[in-house]
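In what follows, chains are A, B, ... by sequence order, proteins preceding strands, each numbered from 1. These numbers come from the heavy atoms of this one structure, side chains and all, not from hydrogens, waters or symmetry mates.
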Amino acid sequence: MPPHFWRQSGLHCRRMSVDPIELLGRRFVEAIVAAFGSEFAETDPLVRTAQNPQFGDFQSNVAMGLAKRVGRNPREVAEAIVEQAALNDVCEKAEVAGPGFINLRLRGDALPRLLEDLEGVLKNSEHPTIRSKTRSSWASGQAARVGVDLVGVNIAKQMHVGHLRSSIIGDTLCRVLARVGNDVIPQNHLGDWGLQIAMVIASLRRRGVDLDRLDLDHLEAAYRDATLDCKADRQALEAARRINAGAHRIAEWEAQVAGAEDRLDEAKRTLVRLQQGDRDIVSAWEKITAITMQACYEIYDLLDLTVTEEHNRGESFYRERLGPVVDEFIRSGVAKESQGAIVVEIEGDETPLLIRKSDGGFLYATTDLAAIRYRLQELRAQRVIYVVDNRQRDHFRKVFEAIRMIGWDRLPGGGRAELRHVAFGAVCGPDGRPLKTRSGDNIRLKDLLLEAIERAGAIVRAKNPELPQDEQREVARAVGIGSVKYADLSTHLIKDYIFAWDRMLAFEGNTGAYLQNQYVRIRSIGRKAPDGVRADAPFLVSAAEEKALALALLRYPGTISSVAETLEPHRLCQYLYDLAGAFSVFYTQCPVLKAETTALRDARVRLARLTERILGDGLGLLGIRTLERM
RNA sequence: GCGCCCGUAGCUCAAUUGGAUAGAGCAUCGGUCUUCGGAACCGAGGGUUGCAGGUUCGAGUCCUGCCGGGCGCGCCA
């Protein structure tokens with residue numbers, strides 16, 4: 001799929017665009033075709049916001065690259081494009097600068113028009129929920145169905161920091177993709193099947209634990225015990241024998257190993273019974289699944305995730321599909337037998353992808369292949385996204401390559417589905433090492449989130465003690481969770497980031513709390529606006545601060561589509577921070593409610609309301625709550 | 001040993017997909033202001049973009065080789 005797939009249909013259509021970059025881009029493509037011929041119709045016009053206001057509002061960098069292809073010097077090419085471009089209705093005269101930059105300045109009357117259109121688009125677009133059939137009216141690309149793999153909890157275990165990023169990032173990507181018109185299908189790939197689970201069930205049954213009275217804490221303890229019980233320390237036994245550690249010591253290790261092997265056998269027998277549908281075992285499995293998921297749903301709720309129970313597609317879901325997957329890999333000749341196992345050899349990789357063990361068992365790669373097949377062939381997704389940490393990069397490269405080799409990514413209309421691993425870095429403590437408790441355990445997600453809310457609450461109480469208690473709680477939750485999310489989303493996904501409470505809860509700088517507060521400030525203008533303010537008063541854009549704010553507002557649709565395309569949420573964060581900054585400058589320089597004339601007042605109120613709308617919408621896409629007061 | 005990811009101001013991070021003079025926030029110093037929510041705004045100092053080559057009109061970004069840090073590498077998930 002070409003990199004601009006998600007944008008291309010919008011680029012050539014005739015409808016009026018609210019995005020000046022898209023609008024100008026179309027005019028440039030037309031000019032390029034007029035100047036150099038139709039074979040250049042697919043040229044990316046490279047229209048960008050100007051880097052420096054002294055150059056104008058927008059610029060195109062297309063001439064330098066085009067110069068080589070048409071065999072003329074860049075400035076000549078730029079002049080030729082400017083000559084052909086129909087820009088009079090929106091721009092002042094275009095200027096060629098430097099090696100061939102084309103600088104553009106919007107006409108004074110163009111901004112009000114564009115703002116009207118932008119406001120119209122926002123008014124007409126409901127907030128489409130995930131899987132909603134409604135298309136937002138700024139859908140930039142051809143609507144596609146997208147499967148998003150996210151969260152990924154394990155049965156019998158608490159959610160911990162390791163699930164934080166996949167949940168937050170995955171949730172935001174779902175919202176953004178739905179916003180630009182995709183049919184998004186979240187998929188929560190639960191670790192709910194296999195030997196690990198059987199070990200827990202066997203262990204609980206052996207100890208006679210009453211599953212109806214079990215909570216997740218005890219269940220997790222049972223998980224740890226079961227894992228230890230089954231882990232035979234053969235190396236220790238060998239070592240004890242080698243150094244002749246004494247009969248007593250050796251006998252101890254022998255007993256440990258023998259015990260572990262018994263437990264493991266028991267677990268394997270339990271797994272067989274589970275797989276065969278044994279009523280008691282299946283009932284136990286259902287109970288521990290319910291206990292775990294109930295706790296998970298509480299956390300989803302705390303995080304305001306859009307994923308729900310209906311998006312659960314765990315390993316158990318695929319259990320009947322694993323055999324056929326391997327069979328087809330063998331039949332198609334893509335997989336072959338190697339040392340008793342079934343493997344797919346990946347070109348350029350030393351180690352193959354293992355899809356069936358020599359004992360006949362399946363592996364997690366098998367489940368991933370089955371899951372991708374399901375998403376492509378049964379859900380009919382054209383795009384499958386995995387929001388999983390960076391350590392699994394090699395794994396997904398191999399799995400995707402295996403899918404490509406067997407051809408399951410072929411689309412009915414020709415072409416191939418896009419399989420994409422959205423890899424993210426680790427959450428680190430102040431020492432720069434992955435975040436752990438002092439004893440080296442994973443930090444529970446619930447503890448972390450509750451601490452965020454508590455810390456935010458303390459700040460709110462200190463800064464705004466007059467706020468009623470229930471509102472303080474609401475603010476604490478919105479700010480605490482919002483800060484954690486924003487800290488996670490606002491840096492480049494691939495990098496590790498350092499988790500620091502004081503920085504992420506700061507009310508200054510590029511933080512969630514700062515944006516939430518800017519939203520509240522803008523909101524209070526709208527609240528205080530007198531009744532006489534006309535909601536449809538003409539936009540007036542004359543002051544430099546007004547113009548800067550208007551230009552920032554107009555960048556919103558383009559920002560959203562670039563996030564949908566690159567799957568990089570930090571672009572949206574950076575945008576919202578820029579927007580909030582542009583508003584702050586406007587607000588300090590341009591009186592709104594105290595403007596000199598009512599026309600100016602009404603125009604500025606409208607501008608403020610539009611800013612409020614976009615800031616609120618953007619925060620919503622990040623899954624961050626907005627407030628009336630804080 | 002092989003492979004992947006990261007290295008940008010004292011600290012935490014950006015840089016419009018190869019564009020013009022590498023930008024923000026914290027911290028430091030200075031300024032604005034009879035608060036439309038000051039939880040604000042403006043300004044200053046601070047850089048050999050880990051190092052060395054290469055590609056071209058142009059490189060933080062692309063290619064090669066080093067250095068440093070992190071993480072993976074058949075029958076766990």
Side-chain angles (χ1 to χ4, degrees), chain A residues 3 21 44 46-52 54-55 59 61 64-65 67-68 73-74 97-101 103 152 154 191 194-196 315 338-343 348-359 361-365 367-368 389-395 397 423 425-426 428 432-434 459 463-464 487 490-492 494-498 500 502-504 506-511 513-514 516-518 520-525 528-529 555 558-559 562 565-566 568 570-571 573-575 577-578 581 584-585 587-595 601 604-605 608 629-630:
Chain A
I21 290 181
D44 184 339
L46 295 174
V47 175
R48 304 284 127 94
T49 57
Q51 292 207 355
N52 189 328
Q54 80 184 61
F55 299 134
Q59 64 181 70
N61 306 330
M64 281 88 79
K68 214 159 289 170
N73 89 58
F101 298 106
N103 292 330
N154 294 312
L195 189 60
Q196 289 289 317
E315 291 166 346
S338 163
Q339 297 169 37
I342 303 298
V343 302
D349 252 300
E350 267 185 46
T351 56
L353 184 71
L354 231 74
I355 63 172
R356 196 172 75 194
K357 298 192 278 186
S358 50
D359 68 2
F362 303 113
L363 297 106
Y364 74 125
T367 318
D368 279 329
D389 85 90
N390 191 39
R391 289 176 302 186
Q392 303 219 29
R393 196 172 204 125
D394 291 345
H395 167 69
R397 218 194 48 251
C428 295
R433 318 269 315 165
I459 295 169
K463 297 216 181 205
N464 198 352
S490 59
T491 70
H492 215 110
I494 195 69
K495 293 186 181 178
D496 297 349
Y497 76 88
I498 294 178
D502 50 351
R503 214 172 31 244
M504 59 198 248
F507 283 58
E508 306 94 33
N510 193 6
T511 68
Y514 169 79
Q516 283 170 316
N517 185 52
Q518 291 299 319
V520 167
R521 288 178 76 204
I522 302 170
R523 189 100 184 116
S524 83
I525 298 169
K528 285 188 184 151
R555 280 168 47 212
T559 302
S562 92
E565 193 175 307
T566 61
E568 294 175 347
H570 78 279
R571 292 164 181 266
C573 296
Q574 189 64 47
Y575 167 79
Y577 183 59
D578 290 345
S584 262
V585 175
Y587 194 46
T588 50
Q589 298 300 317
C590 303
V592 177
L593 298 175
K594 295 175 181 169
R601 178 198 68 185
R604 285 179 177 168
V605 169
R629 301 188 293 174
M630 62 188 276

* Asked: Under 4.0 angstrom, heavy atoms only, what part of the nucleic acid is His395(A) near: base, sugar-phosphate, or nothing?
  -> nothing
* Would you classify Ser524(A) as touching base, sugar-phosphate or nothing, given that sugar-phosphate means primed atoms plus P, OP1 and OP2, and contacts are heavy atoms under 4.0 Å? => base
* Looking across every strand, which nucleic acid part, if any, lies under 4.0 Å from Cys590(A) by heavy atom: base, sugar-phosphate, or nothing? -> base
* Does Lys463(A) put a side-chain nitrogen or oxygen below 4.0 Å from OP1 or OP2 of rA39(B)? -> no
* Structure fact -> Nucleotide by nucleotide, nucleotides 2-9 of chain B touches protein heavy atoms under 4.0 Å in the pattern (B base, S sugar-phosphate only, - none) S-SSSS--
* Asked: Reading RNA chain B 5' to 3', how would its secondary structure be written in dot-bracket notation, given Watson-Crick and G-U pairs with both distances under 3.5 Å, brackets [ ] for crossing pairs and | for partners on other strands?
  -> (((((((..((((.....[...)))).(((((.......))))).....(((((..]....))))))))))))....
* Which part of the nucleic acid does Tyr587(A) contact within heavy-atom distance under 4.0 Å: base, sugar-phosphate only, or nothing? -> base
* Sugar-phosphate only, base, or nothing, as touched by Thr511(A) at under 4.0 Å among non-hydrogen atoms -> nothing
* Using a cut-off of less than 4.0 Å, is there contact between a side-chain N or O of Arg391(A) and OP1 or OP2 of rG70(B)? -> no
* Asked: How would you label the contact of Arg433(A) with the nucleic acid (heavy atoms, under 4.0 Å): base, sugar-phosphate, or nothing?
  -> sugar-phosphate
* Asked: Side-chain contact, heavy-atom cut-off 4.5 Å: Arg503(A) with Ile498(A)?
  -> yes
* Which part of the nucleic acid, if any, lies within contact of Ser358(A), taking any heavy atom under 4.0 Å across all strands shown: a base, the sugar-phosphate backbone alone, or nothing? -> base
* Asked: What is the nucleic acid contact for Val585(A), judged by heavy atoms within less than 4.0 Å: base, sugar-phosphate only, or nothing?
  -> sugar-phosphate
* Structure fact -> In 5'-to-3' order, the base (B), backbone-only (S) or no-contact (-) status of each nucleotide in nucleotides 18-28 of chain B, using a 4.0 angstrom heavy-atom cut-off, is -BBB--SSS--
* Of the listed nucleotides rA77(B), rG70(B), rC13(B), the one nearest the side chain of Leu363(A) -> rA77(B)
* To do: Using a 4.0 Å heavy-atom cut-off across all strands, classify Thr49(A) as base, sugar-phosphate, or nothing.
  => base
